[in-house]
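Data first, discussion second: the structure below is written as structure tokens.
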Amino acid sequence: MLTDEELMLAVASGDLAALAQLVTRYQGAAWNAAYRFLGNTADAEDVAQEAFLRILAAANRYRPTASFRTYLYRVVTHLCFDLARRRRLRRRDQLSDVPDPGISPEEASVVRERANFVRLALDSLPEAQKMAVILRYYEDLSYREIAGALKTSVKGVERLLARARDHLEHRLSELSEE
Amino acid sequence: MRCESVRKKLDRLRRQELATRTRERMEAHLHECAECRQQLARQERLVGLLKSVPEPPAVPTGFEHRLMAAVRERQAISRPVPASIERRRWLCTPASLGRQTAQALVCVAGLLIGIFMAQQTWDAVHPVNSQSARQVDSEAMKELDYLVDVRGDSLAESYLLLTRSSSQNGT
């Protein structure tokens, strides 16, 4: 099986099948990060699609200095920031009303309310802190990978996450004490 | 190890991303420091809350198909003109240059013949109008000659002479 970097070299020479393989491998990553950041399916699909189109357009300039995954997250991050600045008022999709079969309706309501509270707290973060939290705690990236995606240093990521955690702890203190 | 540097790395300690030596030193510090232990517990609670947000919905059905269609569409738009066509477009051999010049000359000759024939047709259709126009023009020129030949220093004097001669002619 070809590595991501080998596939990118093939994409640079015009091999669309290689791009299709990369899409299969990473569409979930691009989609999840975009959805977590933007909060609605329409914008998330636009960003995930545009990310792969940009990667194709710049394939000739791609150099495997970082992993393809980091490169993809960098493109997705850039597009998310850009879209969020242009569409500040786009509302989030509602959380799913599909009940979890293991819990009662009352418990499901409490869980949903708590999740909404957490999402609001996340939305109140500055964009770089918010993306750092998403990449760290939902996408499980290392500090080095986050630094690559956000175009900053590992120290910069430490500072971003420390500030984000302070802010979230303060906002979610009621929930933390339950 | 100081509390400040330990707290910066708690997040990575939790995920076991630190080098063995650093991890051992941090664990030794945590064993001694209750405040840092509390900090670690708060971080774990916070991460638990963050994880309570449901997973995003699955990637929409047909996403990959739509994406690859968009890829092909953009490639079709931005595809460069093949080199062979580009070369042919700008190819100017002596033979093609002569052929193009001959075609241009034929066009110009046709245009001139057309204009000449249109003039002939106009004169044939409007012979009287053309002659009377020429007569009117010669009479107007005589009037102008009269004005030009008048000696005087000003236009006003010329005008007076003209009106006087006109009234004499009338009487």
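Heavy atoms only: backbone and side chains are in, while hydrogens, waters and symmetry mates are out. Sequence lines set the chain letters: A, B, ... in the order given, protein chains first and strands last, and positions in each chain run from 1.
- Taking NZ of Lys8(B) as the reference point, atom CG of Leu161(A) lies at 13.0 Å (rounded to 0.5 Å).
- Contact annotation for Arg15(B): only side-chain heavy atoms (C-beta onward) come within less than 4.5 Å of a heavy atom of chain A.
- Residue Arg136(A) touches chain B through both its backbone and its side chain, counting heavy-atom pairs closer than 4.5 Å.
- The distance from the CG atom of Leu67(B) to the CD atom of Glu50(A) is 10.0 Å, given to the nearest 0.5 Å.
- Note that CG of Leu16(A) and CZ of Arg72(B) are 7.0 Å apart. Values are rounded to the nearest 0.5 Å.
- In this structure, Tyr137(A) OH and Lys51(B) NZ are separated by 9.5 Å, a value rounded to the nearest 0.5 Å.
- With a threshold of 4.5 angstrom between heavy atoms, Ala30(A) does not approach chain B through any atom at all.
- Residue Val71(B) touches chain A through both its backbone and its side chain, counting heavy-atom pairs closer than 4.5 Å.
- Looking at Thr24(A) and Glu64(B), their side chains do bring a donor and an acceptor atom within 3.5 Å of each other.
- Ranked by non-hydrogen atom pairs under 4.5 Å with chain A, the options Ser52(B), Gly48(B), Pro60(B) are led by Pro60(B).
- Between the Trp31(A) side chain and the Phe63(B) main chain, no donor and acceptor come within less than 3.5 Å of each other.
- Separating the CZ atom in Arg36(A) from the CD atom in Glu55(B) is a distance of 5.0 Å, to the nearest 0.5 Å.
- Heavy atoms closer than 4.5 Å to chain B are found in both the backbone and the side chain of Ala20(A).
- The choice from Ser142(A), Ala48(A), Ala162(A) that makes the most heavy-atom pairs within less than 4.5 Å of chain B is Ala48(A).
- The contact between Glu158(A) and chain B is made entirely by side chain atoms (from C-beta outward), counting heavy-atom distances below 4.5 Å.
- Here Leu49(B) contributes atom CG and Phe117(A) contributes atom CZ; the two are 10.0 Å apart, rounded to the nearest 0.5 Å.
- Between chain A and the residues Leu10(B), Val59(B), Val47(B), the largest count of heavy-atom pairs under 4.5 Å involves Val59(B).
- With a threshold of 4.5 angstrom between heavy atoms, Leu56(A) approaches chain B through side-chain atoms but not through N, CA, C or O.
- Here Glu169(A) does not pair with Arg45(B) in a salt bridge; the nearest charged N to carboxylate O distance is not below 4.0 Å.
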